[in-house]
Amino acid sequence: MKNRQVRVRFAPSPTGPLHIGGVRTALYNYLFAKKLGGVNILRIEDTDQTRFVPGAESYIIDALTWLGIKFDEGVHVGGNYGPYRQSDRKEIYKEYVDQLLNNGWAYIAFDTPEELDVLRKKHEAQKKTFQYDSSSRGQLRNSLTLSKEEVNALMNSGQHYVVRFKMPENIEVKVNDLIRGEVVVSSNLLDDKVLFKSDGMPTYHLANIVDDHLMKISHVIRGEEWLPSAPLHVMLYKAFGWEDTMPQFAHLPLLLKPDGNGKLSKRDGDRLGFPVFPMEWFDPKTTLISSGYRESGYFPEAVINFLALLGWNPGTEKELYSMSELIQDFSIERISKSGAKFDLEKAKWFNHEYLIHKDNKVLAEAFNLQLSKMKIRAKFSFLVSLCGVLKDRCILVHDFWKEGYFFFLPPDEYDPAVIKKKWKAETPQLLINLADFLQTIEPFDEPTINSAVNVYLEEKQIGMGQIMNAWRLVLVGSNAGPAMAQIAALLGKEETIRRIEVGIATIK
RNA sequence: GGUCCGUUCGUCUAGUGGCCCAGGACGUCAGGUUUUCAUCCUGAAGAUCAGGGGUUCGACUCCCCUACGGACUACCA
């Protein structure tokens, strides 16, 4: 098993949009594969036809593509171990169930879900737990209790049946987990899981093991919610005689809600007002829209960086990581054992870091996209300069509008608090004089305006406090925004003077 | 209820027996820079290492118990 090629898979089921915890699982698989020169596979686990959601599969692919998580094999890229969608592999599983049935590792069971439900309720009423296992299978309707003739008769009569795994008694099942070490469970506590459903589809457990084996998966990196079923999976490898090539397991810690405890869920996003999905998702059933990081103005690099550090760290103080740096430094040994609470503040900080280091042209393009949705047109070169001026104060791409709307819309009202504090009797005249002076400045750019105005104020013996806030008020409408010279330069001479005139005429 | 996993500042975490009366980052607070706001810079507060027992000359680090939290417990994945 040494020197086996690293082959990992990310195997979501298309029951809805990929949620941020799933993204992290996909990311860790990708980083691990690339680090070791291995192969990253995208397999779609759609054995439950009742939960299939149209659009979910393409959403998963688009989201991972947006984030820069690439696959070497998978539904969308093909490969030598396909098909990569379990519904397309339906025929394959039959042969393997038969193998188990033939060598006594599985049996046929006729109990209906309703019958079992009644049994569960009955046991519950007595504060006991019903389990379909070695203790109960002798009293139920299955090929272990029925005669061969009865079984055949039932099957021929079209009676629905499932195939269950026959969990052996009294053995210790050991799961060697790369993150948690050895986990030991007694087989007596494990139940006879359904491997093959009455609808002719395998369950997750069967399909998963067969596919991992057939696709030569070397490492299974998945969420901690799978740890309880790992012993069953180990037993399945044993039953098939595939112990030698059984993959190594690594169960990742869960992503927790920001407040309180518990697994992060779709609900939390709505409740706390932050996205739990990489991209916006339109639910065809409820017609509700869930927000996404992409549409909220986050950069994929920031989302990746933030997620990578949630449950893993390099052991150094380095926090800003590009994807290729992550690949270089990633290791399973440094994944932590305990769940990590999702902290939006930290995510924002990462985004800000990425935003301020982005080229102004890239930012301008993103901003332009937002503006065009608002039906606002602007010269690209103007947007590039504007982004340069505003980027320090922005966290998300959306903030460019919040921080710079007044470059597009003249003030329609003036902050009363600023008027009260900074608008004196002599202010209008001072502004008129300033406007006259601005008229003479050439070129009307930031450094020129800045030094010219400074000299002008000094010559006229006007204090900064006497005029700057009032000037800002007429240009912006409040006391916010970047330096005055920057605002004036971007607004242009004509508009700057016009706003001064309008302000004087409006403010009493 | 049962099984399994986990537990270091509010949050993410460093720490693999002495370097730790515990380090970094986010957040918070204070000061500085700035004509405003933000950025930025400096600093501060913030964890009796869940609690209790051991082992050891010495424990955040090893062992046991307890508490708390979580996951799982479907013909869902």
Side-chain angles (χ1 to χ4, degrees), chain A residues 11-15 45-48 50-51 86 109 111-113 116-117 120 123-124 127-132 160-164 175 177 179-180 183-186 189-191 193-199 201-205 207-208 222-231 251 253-254 256 258-263 306 309-320 334 336-350 352 356 390-395 399 403 418 422 453-454 457 463-469 471-473 476 478-485:
Chain A
S13 62
T15 54
E45 309 220 326
D46 58 347
T47 52
D48 185 359
T50 63
R51 292 210 308 158
Q86 288 183 331
D111 321 84
T112 65
L116 295 174
D117 210 42
R120 277 194 194 95
H123 281 251
E124 210 174 297
K127 296 222 183 242
K128 282 195 258 176
T129 321
F130 170 76
Q131 230 183 224
Y132 209 122
H160 281 205
Y161 66 92
V162 299
V163 178
R164 285 184 181 271
V175 179
D177 188 275
I179 296 171
R180 280 147 226 284
V183 178
V184 186
V185 180
S186 163
L189 275 354
L190 271 15
D191 63 342
K193 276 273 178 308
V194 171
L195 299 179
F196 215 77
K197 301 184 269 189
S198 58
D199 66 356
M201 283 295 253
T203 58
Y204 167 84
H205 304 291
N208 194 262
R222 81 234 288 200
E224 196 189 342
E225 66 268 29
W226 293 108
L227 193 52
S229 49
H251 290 95
L254 261 18
L256 275 18
D259 60 336
N261 294 299
K263 199 160 76 158
F306 168 65
L309 273 300
L310 224 48
W312 173 86
N313 77 84
T316 65
E317 278 167 16
K318 184 174 166 68
E319 286 205 281
L320 261 10
R334 295 207 60 88
S336 48
K337 292 180 171 70
S338 49
K341 280 187 190 170
F342 188 89
D343 180 14
L344 190 67
E345 288 308 316
K346 189 94 183 203
K348 283 184 183 166
W349 176 78
F350 273 112
H352 179 248
I356 58 179
L390 295 176
K391 70 201 283 189
D392 275 350
R393 42 215 316 134
C394 295
I395 290 169
D399 294 334
E403 297 294 334
V418 181
K422 300 290 182 184
V453 169
N454 279 340
L457 294 181
M464 292 276 190
Q466 278 178 276
I467 189 153
M468 284 310 211
N469 292 290
W471 187 20
R472 178 178 296 278
L473 182 68
V476 176
S478 71
N479 64 348
M484 286 313 301

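A note on names: the letters A, B, ... follow the listed sequences, proteins ahead of strands, and every chain is numbered from 1. Quantities reported herein were computed from a predicted structural model and do not represent experimental measurements.
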Legend entry - Base paired to B/A59 (Watson-Crick or G-U; both N/O distances under 3.5 angstrom): none
Inset, instruction - May I ask you to say what A/G465 touches in the nucleic acid, namely base, sugar-phosphate or nothing, with a heavy-atom cut-off under 4.0 Å? - result: nothing
Inset, instruction - Between A/I467 and A/V185, just flag the one whose closest nucleotide in RNA chain B comes earlier from the 5' side. - result: A/V185
Inset, instruction - Determine the interatomic distance between C1' on B/G69 and the same-named atom on B/A25; round to the nearest Å. - result: 25 Å
Inset, instruction - Take nucleotides 72-77 of chain B nucleotide by nucleotide from the 5' end and write B, S or -, depending on whether a protein heavy atom sits under 4.0 Å from the base, only from the sugar-phosphate, or from neither. - result: S-SBBB
Legend entry - Main-chain N/O of A/L256 paired to A/K341 side chain as donor or acceptor, under 3.5 Å: no
Legend entry - Donor-acceptor under 3.5 Å (A/T15 side chain, A/R51 main chain): no
Inset, instruction - Could you list the residues that satisfy side-chain hydrogen bond (donor to acceptor under 3.5 Å, both in side chains) with A/E45, not counting sequence neighbours? - result: A/R43, A/Q86, A/N208
Legend entry - Distance, P atom - from B/C21 to B/U13, rounded to whole angstrom: 24 Å
Legend entry - B/C21 pairs with, by Watson-Crick or G-U criteria that keep both distances under 3.5 Å: none
Inset, instruction - State whether the side chain of A/R472 and the backbone N or O of A/G481 hold a donor-acceptor pair below 3.5 Å, judged by distance alone. - result: yes
Legend entry - Protein-nucleotide distance (A/F350, atom CZ; B/G24, atom C1'), rounded to Å: 12 Å
Legend entry - Nearest-angstrom distance from the residue atom NZ of A/K128 to P of B/U3: 17 Å
Legend entry - Rounded distance in Å - CG (A/L473) to P (B/U35): 19 Å
Inset, instruction - With P as the reference atom in both, quote the distance from B/U35 to B/A44 in angstrom, rounded to an integer. - result: 28 Å
Legend entry - Listed partners of A/D177 passing side chain to side chain contact (heavy atoms under 4.5 Å, CB included), at least two apart: A/I179, A/R180, A/L227, A/F249, A/H251
Legend entry - Residue matched to B/U36 through Watson-Crick or wobble contacts both under 3.5 angstrom: none
Legend entry - Sequence-distant partners of A/F350, ring pair (Phe, Tyr, Trp, His ring centres under 6.0 Å), two or more places apart: none
Legend entry - For B/A14, the Watson-Crick or wobble partner whose two distances fall under 3.5 Å: none
Inset, instruction - Using the P atom as the reference point in each nucleotide, state the distance between B/G52 and B/U39 in Å, no decimals. - result: 42 Å
Inset, instruction - Grab the CH2-P distance between A/W349 and B/G27 for me, whole Å please. - result: 8 Å
Inset, instruction - Keeping the roles fixed (side chain from A/K197, backbone from A/T47), state whether a donor-acceptor pair exists under 3.5 Å. - result: yes
Legend entry - With sequence neighbours excluded, residues passing side chain to side chain contact (heavy atoms under 4.5 Å, CB included) with A/E345: A/D343, A/K348
Inset, instruction - Could you tell me which non-hydrogen atom of A/S336 sits nearest to which non-hydrogen atom of A/P253, and how far apart they are? - result: O-CG, 3.1 Å
Inset, instruction - Give none if B/A71 has no partner; otherwise give the nucleotide forming a Watson-Crick or G-U wobble pair with it, both distances under 3.5 Å. - result: B/U3
Legend entry - Nearest-Å distance once atom P is located in both B/G24 and B/U36: 31 Å
Legend entry - Whole-Å distance separating the CE atom of A/M468 from the C1' atom of B/U35: 5 Å
Inset, instruction - Considering only atom P, compute the distance from B/G51 to B/C68 and round it to an integer number of Å. - result: 15 Å
Inset, instruction - Between B/C29 and B/C9, how far apart are the C1' atoms? Round to whole Å, please. - result: 15 Å
Legend entry - Atom-pair distance (CZ on A/F306; C1' on B/G27), nearest Å: 13 Å
Legend entry - Watson-Crick/G-U partner (both atom distances under 3.5 Å) of B/A30: B/U42
Legend entry - P atoms of B/C60 and B/G18, separation to the nearest Å: 11 Å
What does the list of N/O pairs under 3.5 Å between the protein and nucleotides 5-15 of chain B look like, with a distance for each?
unit_1	atom_1	unit_2	atom_2	d
B/C5	O2'	A/R180	NH1	2.6
B/C5	O2'	A/E224	OE2	3.1
B/C12	OP1	A/K341	N	3.0
B/C12	O2'	A/L309	O	3.2
B/U13	OP1	A/G311	N	2.9
B/U13	OP1	A/S336	OG	3.4
B/U13	O3'	A/N313	ND2	2.8
B/A14	OP1	A/N313	ND2	2.8
B/G15	OP1	A/R334	NH1	3.1
B/G15	OP1	A/R334	NH2	3.1

Inset, instruction - Report the relative orientation of the aromatic rings in A/F342 and A/F306; use parallel for angles under 30°, tilted for 30 to 60°, perpendicular for over 60°. - result: perpendicular
Legend entry - Interatomic distance where CG belongs to A/L344 and P belongs to B/A25 [whole Å]: 21 Å
Legend entry - Rounded distance (Å) that lies between atom P of B/U3 and atom CG of A/L189: 6 Å
Legend entry - Close side-chain approach of A/H352 and A/D399, heavy atoms under 4.5 Å: no
